[in-house]
K.L.:
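Below: one structure in structure tokens.
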Amino acid sequence: MAAKKGSRCPVCGAPTDPAFKPFCSKRCKDVDLNRWLKGAYSIPVVEDDDLPAPDEGD
């Protein structure tokens with residue numbers, strides 16, 4: 001069974017396979033899991049210590 005048109009694997013760009021959705025294969029699914037476990041995916045944050053102090057009493 002073919003995946004819906006335009007649905008691509010986020011790892012390699014190949015058409016997805018319904019058995020491994022949203023990936024095309026077990027290999028790409030495992031590559032993505034490894035990236036999560038290694039911390040490759042993260043949301044950038046700004047620490048409070050890096051922010052300038054607010055002006056007081058102006």
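Because the structure is predicted, anything quoted here is derived from the model rather than measured.
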K.L.:
Is the shortest side-chain heavy-atom distance between Phe20 and Cys28 below 4.5 Å?
P.N.:
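A side-chain contact under 4.5 Å is absent here.
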K.L.:
Restricting to non-hydrogen atoms, name the atom on Pro15 and the atom on Arg8 that form the minimum distance, rounded to 0.1 Å.
P.N.:
CD-NH1, 3.1 Å
K.L.:
Give, for atom SG of Cys9 and atom CZ of Arg27, the distance between the pair rounded to the nearest 0.5 Å.
P.N.:
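The distance works out to 8.5 Å.
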K.L.:
Just how far is it from atom CG of Leu33 to atom NZ of Lys26, taken to the nearest 0.5 Å?
P.N.:
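Leu33 atom CG to Lys26 atom NZ measures 9.0 Å (nearest 0.5 Å).
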K.L.:
With a 4.5 Å cut-off on side-chain heavy atoms, are Cys12 and Cys24 touching?
P.N.:
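SC-SC contact between Cys24 and Cys12 confirmed.
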K.L.:
Is the shortest heavy-atom distance from the side chain of Val11 to the side chain of Arg35 under 4.5 Å?
P.N.:
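Contact flag for Val11/Arg35 side chains = yes.
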K.L.:
Show me the side-chain donor-acceptor pairs of residues 38-46 shorter than 3.5 Å, one per line, residues at least two apart or across chains.
P.N.:
{"unit_1": "Tyr41", "atom_1": "OH", "unit_2": "Asp32", "atom_2": "OD1", "d": "2.7"}

K.L.:
The criterion is side-chain contact (heavy atoms from CB on, under 4.5 Å); which residues satisfy it with Ala19, sequence neighbours excluded?
P.N.:
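So Ala19 forms a side-chain contact (heavy atoms from CB on, under 4.5 Å) with Asp17.
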